[in-house]
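Computation of the quantities below employed the complete heavy-atom set of this structure, encompassing side-chain atoms and omitting hydrogens, waters and symmetry-equivalent molecules. Chain A is the first sequence line, chain B the second, and so forth, proteins listed ahead of strands; every chain is numbered from 1.
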Number of protein chains: 2
Amino acid sequence: MNHFFQHLNKFVSVTDQEFQEISTYFEVLSLDKKECVMLAGNHCDTNYFVLSGCLHMFFTDERGVDRTVQFAIENWWLTDAQALYHQKVTDFNIQAVENSEILVIKSDKERALLARFPKLEIYFRSIYQIAYGAALKRMQYIFSYSKEEIFFRFREEFPEFVNRVPQYLIATFLGLTPEYLSKIRAK
Amino acid sequence: MNHFFQHLNKFVSVTDQEFQEISTYFEVLSLDKKECVMLAGNHCDTNYFVLSGCLHMFFTDERGVDRTVQFAIENWWLTDAQALYHQKVTDFNIQAVENSEILVIKSDKERALLARFPKLEIYFRSIYQIAYGAALKRMQYIFSYSKEEIFFRFREEFPEFVNRVPQYLIATFLGLTPEYLSKIRAK
DNA sequence: TGATTTTCTTAAACTAGATTAATTTTTTTG
DNA sequence: CAAAAAAATTAATCTAGTTTAAGAAAATCA
């Protein structure tokens, strides 16, 4: 919970007292590795914040292969932003990569929270702006470089990450097969 | 300008009087086809809103090929969100695909605007949330389908768009070569 | 500790899509 | 309208990365 308080305060000023009230809008949840919090086919009305551990959001493609579209480690928010915004059914799953502690907030609570503390709009605007910028950067990588280069640049930039997460998840996140990733690493 | 007023009012309530004041933060700019408003290598401190026409944001990859990462038509915002947020140099260009009318706002003005009208945080949070959601959806498409399928699905979903924008721009946006796009269309 | 499950590796055959290069069609412009 | 520039097509060649299939290593669990 403390992580979240600190993260909030990077973007807006929140007093201890305010945070006391803010935290009543959330639930804390402990997840075991492989446990899921969001399932394809369900209505998406929840947003998740990672206190510790690691989650990933993935979907199952037409041939039955799981593809990770987003990882989230400490201090990251994760949800199907589109489905959440439009109150639609999602076709993504969110699953714990490691044992994790997360904050959970339903979208009606989130709306109430924002109404009660308008300055948190600034916080969420920043979060989404950063996430959107990162997504465009990722597009740029995918279009710019060969798969081999994408992997090496990714490992360069996020070494802790590559050590922490199973290789085959990294592979689908970067858009290559585990076999090919294994091959290019064997140099 | 009217387009912008209507777009704002889809997300927050803004009176005519308020809008009068809001509009003083913006500049209106007319662009000829092919004209650029953002250039790789420059500091990114501006955000753009398309009133009419069409822009695209692209970068030049290592081999000198231009790659579109984002289109923007009427009622879309466009900028390098990451560079804007961190006040960094951008490596994207923004160029008019057609003759266009756009709104321009510098980031210091944008900050001032948000300070003056806090409810606009809601507007921008929504904009970025939607854009982020769309970016993840696009990742999903790119990883799910063959390039051939990506094109046909894209054309299915945005037919006006495909008719309006040169094919070779669509091609780099979808991550395939103009030659291959031409080939798969020839069926 | 041994058994089971999960993750990673290796190698051969195959193909979607890139590359190259030349030509045609369409659009723009003076 | 003719000339130039921009956009689209075609076809042959080539390769980065996938697929398939099987085995090895590591991690988990009872």
Under 3.5 Å, sequence neighbours excluded: what are the donor-acceptor pairs made by side chains of residues 58-66 of chain B?
{"from": "B:Thr60", "atom 1": "OG1", "to": "B:Asp66", "atom 2": "OD1", "distance (Å)": "2.9"}
{"from": "B:Asp61", "atom 1": "OD1", "to": "B:Arg63", "atom 2": "N", "distance (Å)": "2.9"}
{"from": "B:Asp61", "atom 1": "OD1", "to": "B:Gly64", "atom 2": "N", "distance (Å)": "3.1"}
{"from": "B:Asp61", "atom 1": "OD1", "to": "B:Val65", "atom 2": "N", "distance (Å)": "3.0"}
{"from": "B:Asp61", "atom 1": "OD2", "to": "B:Arg67", "atom 2": "NE", "distance (Å)": "3.0"}
{"from": "B:Asp61", "atom 1": "OD2", "to": "B:Arg67", "atom 2": "NH2", "distance (Å)": "3.2"}

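- Between the axis at the start and the axis at the end of the helix from C:dT9-D:dA22 to C:dG30-D:dC1 there is an angle of 50°, using five pairs per end and rounding to 10 degrees.
- Checking each of A:Tyr123, A:Phe26, A:Phe19 against A:Phe5 for a ring-ring contact (aromatic ring centres under 6.0 Å, His included) leaves exactly one that passes, namely A:Phe19.
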Nucleic acid footprint by protein, nucleotides 17-30 of chain D - heavy-atom cut-off 4.0 Å, B for base, S for sugar-phosphate alone
BBBBB------S--
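- For B:Phe124 and B:Trp77, the ring centers are positioned less than 6.0 Å apart.
- Residues A:Leu114 and A:Arg111 form no side-chain contact, since every pair of their non-hydrogen atoms from C-beta on lies 4.5 Å or further apart.
- Looking at residues two or more places apart in sequence or on another chain, you find no ring-ring contact (aromatic ring centres under 6.0 Å, His included) involving A:Phe152.
- For the OP1/OP2 pair of D:dA8 and a distance below 4.0 Å, the side-chain nitrogens and oxygens of B:Arg185 include no atom meeting the criterion.
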Counting only pairs under 3.5 Å, give me each side-chain donor-acceptor contact of residues 134-144 of chain B, with atom names and distances, residues two or more places apart or in other chains.
{"from": "B:Lys137", "atom 1": "NZ", "to": "A:Asp91", "atom 2": "OD1", "distance (Å)": "3.1"}
{"from": "B:Lys137", "atom 1": "NZ", "to": "B:Gln140", "atom 2": "OE1", "distance (Å)": "3.0"}
{"from": "B:Arg138", "atom 1": "NH1", "to": "B:Val69", "atom 2": "O", "distance (Å)": "2.6"}
{"from": "B:Arg138", "atom 1": "NH2", "to": "B:Phe173", "atom 2": "O", "distance (Å)": "2.9"}
{"from": "B:Ser144", "atom 1": "OG", "to": "B:Gln140", "atom 2": "O", "distance (Å)": "3.1"}

Side-chain atoms of residues 95-104 of chain B: list all donor-acceptor pairs with protein atoms under 3.5 Å, sequence neighbours left out, distances to 0.1 Å.
{"from": "B:Gln95", "atom 1": "NE2", "to": "B:Lys34", "atom 2": "O", "distance (Å)": "3.1"}
{"from": "B:Glu98", "atom 1": "OE1", "to": "B:Arg164", "atom 2": "NH2", "distance (Å)": "3.3"}
{"from": "B:Glu98", "atom 1": "OE2", "to": "B:Arg164", "atom 2": "NE", "distance (Å)": "2.7"}
{"from": "B:Asn99", "atom 1": "OD1", "to": "B:Lys33", "atom 2": "N", "distance (Å)": "2.7"}
{"from": "B:Ser100", "atom 1": "OG", "to": "B:Cys54", "atom 2": "N", "distance (Å)": "3.1"}
{"from": "B:Ser100", "atom 1": "OG", "to": "B:Cys54", "atom 2": "O", "distance (Å)": "3.4"}
{"from": "B:Ser100", "atom 1": "OG", "to": "B:Glu98", "atom 2": "O", "distance (Å)": "2.8"}
{"from": "B:Glu101", "atom 1": "OE2", "to": "B:Ser30", "atom 2": "OG", "distance (Å)": "2.5"}

All N/O donor-acceptor pairs, side-chain side in residues 42-49 of chain A, below 3.5 Å, sequence neighbours left out:
{"from": "A:Thr46", "atom 1": "OG1", "to": "A:Lys106", "atom 2": "NZ", "distance (Å)": "3.3"}
{"from": "A:Asn47", "atom 1": "ND2", "to": "A:Glu110", "atom 2": "OE1", "distance (Å)": "3.3"}
{"from": "A:Tyr48", "atom 1": "OH", "to": "A:Val37", "atom 2": "O", "distance (Å)": "3.1"}

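- Applying the side-chain hydrogen bond (donor to acceptor under 3.5 Å, both in side chains) test to A:Gln20 and every residue at least two apart in sequence or in another chain returns nothing.
- Against DNA chain C, the stretch residues 153-168 of chain A makes heavy-atom approaches under 4.0 Å through A:Pro166, A:Gln167, A:Tyr168.
- Pairs passing the salt bridge (charged side-chain N to carboxylate O under 4.0 Å, His left out) check and including a residue from residues 49-60 of chain B, sequence neighbours excluded, do not occur.
- A search for side-chain hydrogen bond (donor to acceptor under 3.5 Å, both in side chains) contacts involving B:Glu149 returns B:Arg153, not counting sequence neighbours.
- Once rounded to the nearest 0.5 Å, the distance linking OG1 of A:Thr15 with CD1 of A:Ile22 reads 7.5 Å.
- Between chain A and DNA chain C, the heavy-atom contact criterion of under 4.0 Å yields a 5' to 3' nucleotide range of C:dT7 to C:dT10.
- Counting to the nearest Å, the C1' atom of D:dT9 and the CZ atom of B:Phe151 are 14 Å from each other.
- Under a 3.5 Å cut-off, the side chain of A:Glu27 and the backbone N or O of A:Ile105 do not form any donor-acceptor pair.
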